[in-house]
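Only one structure is covered here, and it is reproduced in the block below.
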Amino acid sequence: MGTYDYRSIEKKWQRYWKENRTFVADKQSSKPKYYVLDMFPYPSGAGLHVGHPLGFIATDIITRYKRNKGFNVLHPMGFDSFGLPAEQYAIKTGVHPAERTKTNIKHYWQQLESIGLHYDPDATVTTSEPAYYKWTQWIFLKLFSHWYNKQEEKAYPIEQLVDIFAKNGNAEVIAASSQKTSFSADAWNAMTEKEQADILMNYRLAYLDYATVNWCQELGTVLANEEIKDGKSERGGFPVERRQMKQWMLRITAYADRLLTGLDTIDWSDSMKAMQTHWIGRSEGASIVYQVEGVEDTIEVFTTRPDTLYGNTFMVLAPEHPLVEKIMSADQKEEVETYVTWAKNRSEKDRIADTSKTGVFTGGYAIHPMTGNKLPIWIADYVVITYGTGAIMAVPSGDQRDWDFAKKYNLEIIEVVAGGNIDEAAYDSKDGKMVNSDFLNGMSAREAIRAMIGKLVEMGIGKKEITYRQRDVIWSRQRYWGEPTPIVYKNGIATPMDEADLPLVLPEIDEYKPSPTGEPPLSRATSWRTNPDGDIRDLNTMPGLAGSSWYFLRYPDAENDKEFASKEVIDYWMPVDLYIGGTEHAVGHLMYSRFWTKFLKDIGLASVDEPFQKLVNQGMIQGVSQLMYRNKETNVFVSADLVEKGTEDQYSEIHTDVNLVKAGVMDVEGYKSWTKDEWATFQLNDAGEFRTFSQVEKMSKSLYNTIDPQVLCEEVGADTMRLYEMFLGPIEVAKPWNIDGINGVHSFLKRAYNLFVGDKEEWLVTDGAPTADELKILHKTIKKVEEGIERLAFNVCVPAFMVFVREMGKMNCHKRAVLEPFLVSLSSFAPHFCEELWEKMGHGQTILLASFPEWKEEFIAEATIQYPVQINGKMRTKIEVAADAAKDAVEEVALANETVQQWMDGKPARKVIVVPGRIVNIVV
RNA sequence: GCGGAUGUGGCGAAAUUGGUAGACGCGCUAGAUUUAGGAUCUAGUGCCGCAAGGCGUGUGGGUUCGAGUCCCUCCAUCCGCACCA
């Protein structure tokens, strides 16, 4: 038998592809293009594990397949290299994050190449390099200098808005804006520069505003919700408070409608679209303004059910609502203040966990706009300040939360929609006639909504309104390892840097922590923090999302130093035809990438509205951790089969390295030397083994369950690993990594090799003409593989190859005419293997330049096809039709008719309908 | 609670539009070969049954000549969101 020496074959071809720059795409070409993209990784110190390459292998297969199909394919790879781990590592060790990042990236490239993953070497990005982040900063400045016209649904330069204000004030402007008040042209022209700048800030797409953040004094930074545990910082356990701080924000809410409607035009999974839809959270209703007894201020509420206004018996404000101060009465002051303080310091998590409705009465009253009744104003933390207006009109008969609250505090409940039993629960259905509702009585709820909005508009106290759940995104971080914000403050006015001065390079600092006074790390760069003109620089950096929001536009033209990317080049390449990555970016990266693409289209720099035409989420490959029982009392490790069911809680569960465990039995000596714990004692079972138990969880270094793909490649080869990962199941499905079946795949490659090379390393391939049977199997295989790849069902392609090899082996067929097309169809899965044999076949070029074979139905047809037969629509029997005759429908009908005539005692059928491969329908 | 998805052998899984359920691989059983095997090859392997035969795609119904596939009910699991007014 020939020896399939995968080690030398794989090394040879990996070097070949690299040296010959095989995967460089033509920047522009008359060929059809195909842009296939992976979500680029963060280059962590831990390197790749077997879970990572699943999506990478899939895109590599597509790349090679599409090239064989005649496409000009772009398949780039890069690194999302700004981020927290490198910064934390720097704080600990003093190693510059850039240095650490560089080392890690080098390791990643080497790992990728060793599993046969090769990319276009000219199309790569590293987000932390100045040549790249120059353009991230540049786009930020573009956002800063544009506003969003809501009427035209498009972004325009801010200068245009300045002209409008100078001529007409802001009354006519319909914009996405946080500007609450209106002003005339005269008022605008009379303003100081600073006052004008403050107003423009309310219109910019990148703007400064106060936002509620989790501030940790001790760490000197803002923390994400995930970084807080029980109201304390995860690291250090320092107190965290919710604080209003001025932050850079991006006005993504301007694009909410387009982000929503755009989903209809792209090929993403339902769950992905549902997540984005829900995140945007569009809801239609009405806003209503209430007068408040004794004060000038009014309360504005948002409701989706204006029809139930007559059932409104009290008001509820969020504890943080600005009006609380003004409306509370003297005798309620103490109680209100206690409640507000308590609510403010509750962590987000506590608030979510606790659904019991608590609140206090403020002592103030609002006036019902229709009846003039006095409505007590309460505060309660079931009303959140971040949604709607932070205030609600409570309708206990129609909303379960209001109902619970009213029952608890004995507030009035008035039925307004008939059909429920409001003594038992709220009735929130829209099925029912209006009652107790004056002019609405007798209408359906749907009619009443329209009628009430009409009435509110007529009275000038309300209007139709659309509210979104989505908030503008905070775009500043008090960190070092990110893009510096290219803004300086001239006389306190935030001013964009001159584009010619970009990139604004990260300054060198001696420590990466915030300053002792709580200023961001960049404040330590004392000579940098004022620019040459003496203006103060912004000290914030951008979040990790910044670099990843546009990298796919950079790849096709990654070396361009004149523009962020040439318009012609991205017009040719965009949109991305296939994007593969995990679901964890559903509402983060994917949302902001869509937003930035739409913005860049608005300002004429991109031609597509949606960046990612087809999105596939690969499932995570989970780790199978191995755990040991350790007796809590004696600290003795006990073999898992000796632990009785139900007594597990007497033991601690300790992770051990999966590499020490074979078939559930752990190498005890290996464990001792690994942990350097010579004192560990083990209770073995009767067979003298120490058994562990396993558990499926995330693959992670800290759980000792990672498997390095390079180790696996060394053991069985990259081609085997690629085939096996694809063979495991559909790429969308999460599954535990299980190596049990890998031998089956490996021996398939060995058997395949033996079709080409014989026992004494002699070349077996012959030139004879293939038989019908051989052609049938070949064409079936090609068909199955092509269809499998096209719908990304790689797991059905591998069995097709296996069947081919088995059948050819049985027939002892070594003919070039069938083996060559087979090699091409296999080449995207096992590229090293196929390149080697392709070369041995005598081809002077790489298999990537071969064209994918075409399958022909005429070779595939079965010997006989069984058709069920219907007569006058009723199922009667089955007839058999020879496949040769079934080549075209006409013959098939004739034959079927003949058979049926015999069966029907010579009576001819009036009509015989044959759907190929289906059913015969006969009308007598 | 809301939204999205998924339920098929001992296991991973196949089954283009409704048409022979379980391809392919693992595991298991038997045999061959080998000094030996966690190597290789051959045959078998959904379940019950000696067999003929019967039963089988989470549950219960429905449409159809025919349902893993379409419709409704319920159950279970996974993911996402969560007092959204």
Side-chain angles (χ1 to χ4, degrees), chain A residues 1 269-279 281-283 285-288 301-306 308 312 315-316 318 348 351-358 380-384 386-395 398-402 404-405 428 467-470 583-584 586-587 617 619-620 662-663 723-724 727-730 732-748 750-751 783-784 787-788 790-791 793 795-806 809 865-878 915 917-921:
Chain A
M1 246 180 257
S269 71
D270 286 347
S271 64
M272 207 45 118
K273 287 185 181 181
M275 269 190 244
Q276 292 222 337
T277 304
H278 182 250
W279 188 257
R282 184 181 197 272
S283 91
S287 67
I288 306 173
V301 300
F302 172 76
T303 177
T304 54
R305 295 295 301 272
T308 64
N312 172 212
M315 309 295 286
V316 188
E348 202 82 354
R351 230 175 128 145
I352 289 162
D354 178 13
T355 53
S356 69
K357 313 260 174 301
T358 61
D381 75 347
Y382 81 89
V383 175
V384 294
T386 50
Y387 183 77
T389 60
I392 61 157
M393 59 172 229
V395 182
D399 183 293
Q400 193 56 43
R401 289 156 303 172
D402 297 345
D404 293 342
F405 196 77
D428 59 9
T467 296
Y468 299 90
R469 195 188 88 98
Q470 184 174 43
T583 41
E584 64 272 22
V587 290
N617 298 112
M620 291 249 267
K662 293 271 180 303
L723 277 165
Y724 183 61
F727 182 59
L728 266 176
E732 296 94 334
V733 178
K735 48 191 116 28
W737 176 251
N738 172 2
I739 198 134
D740 289 348
I742 203 158
N743 280 338
V745 174
H746 188 61
S747 55
F748 150 72
K750 282 197 261 182
R751 280 199 301 270
K783 183 182 185 200
K784 198 139 201 186
E787 287 171 352
E790 288 288 348
R791 62 189 170 102
N795 53 327
V796 304
C797 299
V798 182
F801 296 130
M802 288 176 171
V803 169
F804 175 89
V805 168
R806 197 187 59 211
I865 302 170
Q866 219 183 42
Y867 287 118
V869 176
Q870 285 185 10
I871 298 175
N872 289 343
K874 288 283 171 201
M875 183 57 139
R876 286 297 153 85
T877 185
K878 286 181 178 179
V915 183
R918 277 289 175 285
I919 199 163
V920 184
N921 191 9

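Chain A is the first sequence line, chain B the second, and so forth, proteins listed ahead of strands; every chain is numbered from 1. Note: hydrogens, waters and symmetry copies are ignored here, and every other heavy atom, side chains too, is used.
The separation of B/U20 from B/G68, taken at their C1' atoms, amounts to 14 Å, rounded to a whole angstrom. The gap from the P atom of B/A67 to that of B/U57 amounts to 11 Å, rounded to the nearest Å. Rounded to whole Å, the separation between the P atoms of B/U63 and B/C71 comes to 16 Å. Of the P atoms belonging to B/C11 and B/U59, the separation is 15 Å, rounded to the nearest Å. Spacing between B/U40 and B/G25 at atom P, rounded to whole Å, works out to 13 Å. For the C1' atoms, the distance from B/G58 to B/G19 is 24 Å, rounded to whole Å. Atom name P, nucleotides B/G27 and B/G62: the rounded distance is 44 Å, in whole Å. Here the separation of B/A21 from B/G46, taken at their C1' atoms, is 10 Å to the nearest Å.
A/Ser283 approaches A/Thr304 most closely through the heavy-atom pair OG-CG2, 3.9 Å.
A/Met315 is listed as a side-chain neighbour of A/Val301, based on a closest heavy-atom distance under 4.5 Å. Side-chain contact between A/Tyr387 and A/Ile392 is absent, with no heavy-atom pair separated by less than 4.5 Å.
In the set B/C83, B/U16, B/A85, the nucleotide with an atom closest to the side chain of A/Lys357 is B/C83. Between B/C81, B/U40, B/C83, one nucleotide has an atom nearer to the side chain of A/Lys750 than all others, and that is B/U40. Relative to the side chain of A/Thr304, the nucleotides B/G3, B/A85, B/A14 differ in distance, and B/A85 lies closest. Side-chain proximity of A/Tyr382 to the nucleotides B/A85, B/C81, B/C83 is greatest for B/C83. Of the candidates B/G3, B/G80, B/C83, B/G80 carries the atom nearest the A/Met275 side chain, counting heavy atoms from C-beta on. Comparing B/A14, B/A85, B/U16 by their nearest atom to the side chain of A/Pro730 picks out B/A14.
Rounded to an integer number of Å, the gap from CZ of A/Arg282 to C1' of B/A85 is 17 Å. The distance from atom CD1 of A/Ile739 to atom C1' of B/C11 is 16 Å, rounded to the nearest whole Å. Atoms NZ (A/Lys783) and C1' (B/U16) sit 8 Å apart, rounded to a whole Å. Between A/Asp404 atom CG and B/A85 atom C1' the separation is 14 Å, expressed in whole Å. In this structure, the NE2 atom of A/His278 is 12 Å from the C1' atom of B/C83, given to the nearest Å. The nearest whole Å value for the distance from the CG atom in A/Leu728 to the C1' atom in B/G12 is 7 Å. Atom-to-atom, CG of A/Asn738 to C1' of B/G10 comes out at 13 Å; the value is rounded to the nearest Å. The CD-P distance, from A/Glu787 to B/A14, rounds to 16 Å in whole Å.
Geometric assessment of A/Lys357 against the ring of A/Phe405 yields a negative cation-pi assignment under the 6.0 Å and 45° thresholds.
A/Ala793 meets the side-chain contact (heavy atoms from CB on, under 4.5 Å) test with A/Arg791, A/Asn795, A/Val796; sequence neighbours excluded. Residues forming a side-chain contact (heavy atoms from CB on, under 4.5 Å) with A/Arg282 (at least two apart in sequence, or on another chain): A/Asp257, A/Leu260, A/Glu284, A/Ile466, A/Tyr468. A/Gln400 is linked by a side-chain contact (heavy atoms from CB on, under 4.5 Å) to A/Trp403, A/Asp404, A/Ala425, A/Ala426, counting only residues two or more places apart in sequence or in another chain. The side chain to side chain donor-acceptor pair (under 3.5 Å) check on A/Thr358 picks up A/Tyr339, with sequence neighbours excluded. Legend: residues meeting side-chain contact (heavy atoms from CB on, under 4.5 Å) with A/Ser269, ordered by chain and number and at least two apart, are A/Ser271, A/Met272, A/Asn617. Scanning for side chain to side chain donor-acceptor pair (under 3.5 Å) contacts around A/Gln470 gives an empty result, with sequence neighbours left out. For A/Glu787, the side chain to side chain donor-acceptor pair (under 3.5 Å) test picks out no residue, with sequence neighbours left out. Not a single side chain to side chain donor-acceptor pair (under 3.5 Å) links A/Thr277 to another residue, sequence neighbours left out.
Base orientation at B/G9 is syn, since its O4'-C1' glycosidic dihedral falls within 90° of 0.
Counting non-hydrogen atoms under 4.0 angstrom, A/Lys273 reaches nothing in the nucleic acid. Using a 4.0 Å heavy-atom criterion, one finds that A/Pro736 contacts no nucleic acid atom at all.
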Could you run down the sub-3.5 Å N/O contacts of the protein with nucleotides 5-9 of chain B?
unit_1: B/A5; atom_1: OP1; unit_2: A/Asp270; atom_2: OD2; d: 3.1

Distances for protein N/O vs nucleotides 23-28 of chain B N/O pairs under 3.5 angstrom?
unit_1: B/C24; atom_1: OP1; unit_2: A/Arg806; atom_2: NH1; d: 3.2
unit_1: B/C24; atom_1: OP1; unit_2: A/Arg806; atom_2: NH2; d: 3.4

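A distance of 6.0 Å separates CE in A/Met275 from OG1 in A/Thr583, rounded to the nearest 0.5 Å.
Comparing A/Met393 and A/Val587 against RNA chain B, the residue whose closest nucleotide sits nearer the 5' end is A/Val587.
Scanning RNA chain B for stems, defined as runs of 3 or more consecutive Watson-Crick or G-U wobble pairs whose donor-acceptor distances all fall under 3.5 Å, gives the following ranges: B:1-7 with B:75-81, B:10-12 with B:24-26, B:27-32 with B:40-45, B:46-48 with B:53-55, B:60-62 with B:70-72.
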For residues 735-745 of chain A, which side-chain N or O atoms pair as donor and acceptor with protein atoms under 3.5 Å away, sequence neighbours left out?
unit_1: A/Lys735; atom_1: NZ; unit_2: A/Pro730; atom_2: O; d: 3.1
unit_1: A/Lys735; atom_1: NZ; unit_2: A/Val733; atom_2: O; d: 2.8
unit_1: A/Asn738; atom_1: OD1; unit_2: A/Asp740; atom_2: N; d: 2.9

